[in-house]
Amino acid sequence: MAGFARQLGTIAVTLLGLLVLTFAIGRMMPADPVRAIVGEEASQDTYMQVYTQLGFDRPLPVQFLMYLRDVLTGDFGTSIRTGQPVIQDILMVMPATLELATLAILIGAGLGIPLGVLAAVNKDRWPDHVIRIFSLMGHSMPIFWTGMIALLVFYAALGWVGGGGRISDYYIGLVPPVTNFIVIDAMLAREWDVVWSALNHLILPASLLGYSSSAYITRMTRSFMLDQINQEYITTARVKGLSVRQTIWRHAFLNIRVQLVTIVALAYGALLEGAVLIETVFSWPGFGQYLTSNLMTGDMNAVMTCVLLVGVIFIALNLLSDVLYRVFDPRTR
């Protein structure tokens, strides 16, 4: 019980620090939120009226308390660019990024973990060298460059996948939004052509993000496995007659599961907040593109909410990692 209370206290302090940081970012940004609202041609009287309405004439501690009150009551303000509540905008665009990032992390972990294990088992032999070059390429190549090359090859030249956007233009508006996850909504509507179109558009950007993510996961898995393979208990298991497969997967791999949980969780968080370039290349109407667009127009309500959401996502993923630690490692219970 005491441990649970300490964890809650840590989360509360972290969230408070995140709110302070978000508020500071909003006040230090060079963009003028008042000018973004009233326009460049507004009179000084109009400017000052809006300035006072927003509370910018009050001391910073009072402004922070007002911001804290609004956040705790679920009021994140209205987007200047769209004219809608920011939270409503985010609920519209976040499913697109969740679809993209979830498939990408499945590809990244599904590819990176086995390759990392294989590289560790074959340390300094040709499979290890090939896998390390493969992961180095995924880590080094700019994602916007690989995205454009992939579009030219697989969409324009070969026609194997869909182009930009989440579905073909022909199907836009055909499926009523229920969850805003286009694949799920199309399944609920039994529009199987739309399902295929959505998957056809999703597979290429998700694969590119997955490959980029797998490079990091592969390297970390290899490092963790090498550390375990050099332990005495692995030598003892081999002496007792266990096969290489049993030694690696039933003993060494089980001992790195907890570490891999953190690595995969952090990689997933990075995909959620770092898919800006791939969303831009593929005209993907997701969270990253929404944040970038509002940053360019000086829409500080939207920018501050997006920054806060990214922080909350990482806190939630770390909390999930702690829970999974207790599932995978009884010693931490």
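In the displayed structure, W126 atom CH2 is contacted under 6.0 Å by at most 12 heavy atoms of other residues, nucleotides or ligands. Other residues, nucleotides and ligands place no more than 12 heavy atoms under 6.0 Å from the CE atom of M92.
A donor-acceptor pair is defined here as one N or O able to donate and one able to accept, closer than 3.5 Å; such a pair exists between the side chain of T97 and the backbone of F287. S135 contributes no side-chain N or O that, together with a main-chain N or O of R219, makes up a donor-acceptor pair within less than 3.5 Å. Side chain of D70 to backbone of F76: no donor-acceptor contact under 3.5 angstrom is found. Checking side-chain atoms of T292 against main-chain N and O of G288 turns up a donor-acceptor pair under 3.5 Å. W284 places a side-chain N or O within 3.5 Å of a backbone atom of A96 that can act as its donor or acceptor partner.
Applying the side-chain hydrogen bond (donor to acceptor under 3.5 Å, both in side chains) rule to S283 yields no partners; only residues at least two apart in sequence or on another chain are considered. F64 is linked by a ring-ring contact (aromatic ring centres under 6.0 Å, His included) to F23, counting only residues two or more places apart in sequence or in another chain. Qualifying side-chain hydrogen bond (donor to acceptor under 3.5 Å, both in side chains) partners for S223, counting only residues two or more places apart in sequence or in other chains: none. Take F134 and apply the ring-ring contact (aromatic ring centres under 6.0 Å, His included) test, not counting sequence neighbours, and it matches Y211. Checked against side-chain hydrogen bond (donor to acceptor under 3.5 Å, both in side chains), T73 has no partners two or more places apart in sequence or in another chain. In this structure, the ring-ring contact (aromatic ring centres under 6.0 Å, His included) partners of F253, at least two apart in sequence or on a different chain, are W249. In this view, W196 satisfies the ring-ring contact (aromatic ring centres under 6.0 Å, His included) rule with no residue, not counting sequence neighbours. Residues meeting the side-chain hydrogen bond (donor to acceptor under 3.5 Å, both in side chains) test with D89, sequence neighbours left out: T82, Q84, Y290.
Cluster annotation: V153 and L204 are assigned to the same hydrophobic cluster (Ile/Leu/Val/Met/Phe/Trp/Tyr, side-chain heavy-atom contacts under 4.5 Å, transitive). When the side chains of ILVMFWY residues are joined at heavy-atom separations under 4.5 Å, either directly or via intervening members, V183 and L174 end up in a single hydrophobic cluster. V13 and Y67 fall into different hydrophobic clusters, defined by Ile, Leu, Val, Met, Phe, Trp and Tyr side-chain heavy atoms under 4.5 Å apart, directly or through other members. Neither I113 nor L136 shares a network with the other; the hydrophobic side chains, linked directly or stepwise wherever heavy atoms of I, L, V, M, F, W or Y lie under 4.5 Å apart, form separate groups for each. Under a hydrophobic clustering in which Ile, Leu, Val, Met, Phe, Trp and Tyr are joined whenever their side-chain heavy atoms come within less than 4.5 Å, directly or via other members, L226 and L260 fall into different clusters.
The closest side-chain heavy-atom distance from Q289 to V93 is not below 4.5 Å. At a threshold of 4.5 Å between non-hydrogen side-chain atoms, the residues N180 and L91 do not count as touching. Here the side chains of I133 and M137 are in contact, with some heavy-atom distance below 4.5 Å. Side-chain contact between T280 and F144: absent, with no pair of heavy atoms (C-beta onward) separated by less than 4.5 Å. Side-chain contact between L15 and V312 is present, with heavy atoms from C-beta onward closer than 4.5 Å. Residues V261 and R257 are not in side-chain contact: their nearest non-hydrogen atoms beyond the backbone lie 4.5 Å or more apart. Annotation: side chain of H201 is not in contact with side chain of I182 (no heavy-atom distance under 4.5 Å). Using a 4.5 Å heavy-atom threshold, the side chains of I263 and Q259 count as separate.
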Working for side-chain contact (heavy atoms from CB on, under 4.5 Å), residues C306 and I90: CA-CA 8 Å; C306 289; I90 291 177; 4.3 Å; yes
Step-by-step side-chain contact (heavy atoms from CB on, under 4.5 Å) determination, I229 to K123: CA-CA 11 Å; I229 288 173; K123 183 178 182 294; over 6 Å; no
Pair F224-D227, side-chain contact (heavy atoms from CB on, under 4.5 Å): steps then yes or no: CA-CA 5 Å; F224 296 151; D227 181 61; 5.8 Å; no
Audit row: N200, W160, side-chain contact (heavy atoms from CB on, under 4.5 Å) steps and yes/no: CA-CA 8 Å; N200 203 29; W160 290 356; over 6 Å; no
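Sorted by first and then second residue, the salt bridge (Lys or Arg N to Asp or Glu O under 4.0 Å) pairs involving residues 198-209 (not counting sequence neighbours) form an empty list. Sorted by first and then second residue, the pairs that involve residues 96-115 and meet salt bridge (Lys or Arg N to Asp or Glu O under 4.0 Å), not counting sequence neighbours, are E99-R166. Each salt bridge (Lys or Arg N to Asp or Glu O under 4.0 Å) pair with one or both residues in residues 124-150, not counting sequence neighbours, appears once here: D128-R132, D128-R222. Within the structure, the salt bridge (Lys or Arg N to Asp or Glu O under 4.0 Å) test picks out no pair touching residues 189-213 (sequence neighbours left out).
The OH atom of Y216 sits 6.0 Å away from the CG atom of L266 when rounded to the nearest 0.5 Å. Annotation: the span from I248 atom CD1 to L118 atom CG amounts to 10.5 Å, rounded to 0.5 Å. Summarising the geometry, atom CG belonging to L100 is positioned 10.5 Å from atom CD1 belonging to I203; distances are rounded to the nearest 0.5 Å. We find the CD1-CG distance between I105 and L271 to be 5.0 Å, quoted to the nearest 0.5 Å. Between the CD1 atom of I217 and the CG atom of L115 there is a distance of 10.5 Å, given to the nearest 0.5 Å. Distance check, rounded to the nearest 0.5 Å: CG of L202 to OG of S207 gives 8.5 Å.
Of all heavy-atom pairs spanning G147 and L208, the tightest one is CA-CD1, 3.6 Å. Taking each heavy atom of V264 and A109 in turn, the nearest pair found is CG2-CB, 4.4 Å. Residue A120 comes nearest to M225 through the heavy atom pair CB-CB, 3.5 Å, listed as atom of the first residue, atom of the second, then distance. In plain terms, the two heavy atoms of V175 and A186 that are nearest each other are CG1-N, 3.7 Å. Residues F314 and G269 share a closest heavy-atom pair of CZ-C, 3.5 Å. Summarising the geometry of L151 relative to G163, their closest heavy-atom pair is CD2-CA, 4.3 Å, with the distance given to 0.1 Å.
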